[in-house]
Amino acid sequence: MPTVKAFLRRAMGVLLLTLVGEHAAWAQGLDAQDRLPAQQARGHALPLQAGDYVRGTLQGRGMRLVLLDASGQRQRVLARGVHEEQGFMFAAERSGAYTLQVRAAQAGSYRLQVDAPIPAQAAVPQAQAPAPESPRLRAWMAGPQPEHSAPFWQAVQAEGAPLVECEGLQPALAAGECLVTFVWRGAQRNVRLMGGPSNDHDALQRLGQTDIWYRSYRVPTSTRLSYQLAPDVPELPTLSPTERRRAILATAQRDPLNPRSFPAQPLDRFNAASLLELPQAPASPWLAVRSGVPRGALQAHRLASQHLCNERDIHLYRSAGYRSDNPQRVLLVLFDADRYLDEVPVPTLLDNLVADGKLAPVAAVFIANPSGRTRSAELPPNPAMAAFVAQELMPWAARQGLSAAPRRTVIAGASYGGLAAAWVALQHPEWFGRVLSQSGSFWWAPAMAGEEPEWLTRQLAQQPVRPVRMLLEAGLFESGRAGQAGILETNRHLRDVLRAKGYSVLYREHAAGHDNAHWRVRFAPALLDLLQDEAGQRP
């Protein structure tokens, strides 16, 4: 009779052959469709080798996608059901049998498309790094045994990352500056920083032969930003530069040495960033839910558009005390509903502003995007979007009791949403007298041969002045790269053009990047400033 050991060897061999066979079959990718009852799930087997890079798309309203390991434990949430079409990517941390599990919040159909996995490539040799600027890292390298880094990491664990040093540097720091050093322990090939002060995906350097990876920046003491670190980003020479940059998202995660997470209670380490706030970063007293403050009413609706040839979720908010016949009422219209309902908690902000007497009773309309693809097509200056807002959305909202005079109606957004807010208001000042743009993408131009950047700014320079007041904000860390004008430079240019034309423009710059962690703090103060009239009175 065969021994137990021999039986196990044969069983492991069969399992190995099975995994290899499944992996070979999987090499063509996956295209699966199904319909699920509400609160049900279906799994799709996914055998992978360590380092495999996987990307795909999930279509279906309210559908979530979760990656499970061989034991059925959740590894990460790949799609949260925010859009009706959601892209995803990840890198397998180890070889084995994985499952892509589709979960239905409501009954409906889905389609899961996954490209064939791209195997991990050999690491690219790293150039010798210069001596670190951080005094702590210099001191560590000058110690007796820098390769034995456990005491260093114990100290960082106790204090929290990143390292913040405000004195003892050569050359000396400028007034109001500190040196911030982001660190990672033990990557094999590389580490990238997302959301840092350079407005890029910077590579961290390895400190000699230690397991310490680092990158340092001199920043203002008023800095606030969220960031992620991406260890062992897949090397993908067969893909385009844009796709290689996107692959950073496959391993990007919160900093395990930073106790401050954004959001505070994330789904997992991949669906969160880490928060850095230096001592002079501005605060907001209205962000947190307060006991005893009446909560506004929030309702979800579904609205079809003939102009855009699709339908989307629209969320309506009414603060405590809101009345449709109150002449002092205020109305907000916001693009990117998921951002301004979650990461930037506008309903909570409005609840607190009304309770503090800073704002008259207010209503808000939150416009969702069917998908990331439709967002990119609809929010940059698009006549169909302007027609949808002016001819379909606003009359519909008025029939629900949400309306206000133009000087008390604010249209707002961030990034493409800030660009859309300015465009729609300038097309339809009969509805909108105020624009709040957070890091608006005014660099944008149509994808046409010979089209120069800053299309909207050039249009404004040629058109008559509209009765619209704007507040523009940009981050000091949003400068352009490789000689191109970025969000910071194009917002400054738009400010100058608007003022030269005679517009009323408020302009703010902050030590921040393209970042919900900053926008959430600045939204309420910016809204209050924007609603003031020239005499400093709020409606």
Side-chain angles (χ1 to χ4, degrees), residues 29-44 46 53-67 76-90 99-118 239-240 242-243 245-250 252 267-268 270-271 300-315 334-343 366-380 382 384-385 388-389 393 413-417 419-420 441 444 447 516:
L30 172 70
D31 190 344
Q33 301 182 57
D34 202 353
R35 181 174 180 82
L36 289 174
Q39 306 303 317
Q40 297 298 308
R42 181 185 172 188
H44 298 271
L46 188 65
Y53 173 64
V54 181
R55 56 182 176 169
T57 303
L58 175 65
Q59 297 175 338
R61 186 182 176 197
M63 295 293 172
R64 293 162 58 92
L65 186 65
V66 178
L67 179 68
R76 61 189 292 182
V77 176
L78 295 170
R80 297 184 294 120
V82 174
H83 300 306
E84 295 170 32
E85 180 178 307
Q86 305 168 91
F88 62 88
M89 61 198 69
F90 68 92
T99 300
L100 288 174
Q101 186 182 70
V102 181
R103 300 179 179 180
Q106 59 191 47
S109 300
Y110 73 86
R111 182 178 185 181
L112 177 64
Q113 296 174 290
V114 187
D115 294 341
I118 301 176
L239 298 184
S240 69
T242 299
E243 286 296 328
R245 288 173 67 88
R246 281 182 52 78
I248 297 171
L249 298 172
L267 294 172
D268 52 51
F270 298 99
N271 282 276
H301 299 263
R302 193 75 173 166
L303 188 63
S305 170
Q306 293 183 354
H307 289 285
L308 293 171
C309 300
N310 58 23
E311 61 180 41
R312 69 197 60 229
D313 291 331
I314 302 292
H315 302 265
L334 302 105
F335 292 105
D336 292 323
D338 55 317
R339 167 175 289 133
Y340 285 107
L341 288 171
D342 298 325
E343 290 93 346
F366 299 84
I367 307 171
N369 304 302
S371 69
R373 186 182 306 169
T374 56
R375 180 181 187 272
S376 298
E378 293 175 352
L379 294 191
N382 182 335
M385 173 58 78
F388 162 68
V389 172
L393 176 68
S415 192
Y416 268 167
L419 173 66
S441 299
W444 178 87
N516 287 318

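For clarity, every value in this text was computed on a predicted model and none was experimentally measured.
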Worksheet entry | Spacing of CG belonging to N516 relative to OG belonging to S415, to within rounding of 0.5 Å |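 With rounding to 0.5 Å, CG (N516) is 9.5 Å from OG (S415).
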Item to complete: Nearest 0.5 Å please: distance from the CG atom of L112 over to the CD atom of Q101.
Response: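 Answer for the CG-CD pair, L112 versus Q101, is 12.0 Å.
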Carboxylate-amine/guanidinium contact [X] [Y], below 4.0 Å:
{"X": "E243", "Y": "R55", "value": "yes"}
{"X": "R111", "Y": "D34", "value": "no"}
{"X": "E85", "Y": "R375", "value": "no"}

Are the side chains of [Y] and [X] in contact, using a 4.5 Å heavy-atom criterion?
{"X": "F88", "Y": "L249", "answer": "no"}
{"X": "L78", "Y": "V66", "answer": "no"}
{"X": "L67", "Y": "F270", "answer": "no"}
{"X": "V102", "Y": "L36", "answer": "yes"}
{"X": "R312", "Y": "E378", "answer": "yes"}
{"X": "M63", "Y": "R103", "answer": "no"}
{"X": "R61", "Y": "R302", "answer": "yes"}
{"X": "Y53", "Y": "L239", "answer": "yes"}

Is the side chain of [X] donor-acceptor paired with the backbone N or O of [Y] at a distance under 3.5 Å, no angle test?
{"X": "D268", "Y": "V77", "answer": "yes"}
{"X": "S305", "Y": "H307", "answer": "yes"}
{"X": "H83", "Y": "N369", "answer": "yes"}
{"X": "Q86", "Y": "R80", "answer": "yes"}

Fill in: Residues R76, N271; criterion side chain to side chain donor-acceptor pair (under 3.5 Å); working and verdict
CA-CA 8 Å; R76 61 189 292 182; N271 282 276; over 6 Å; no
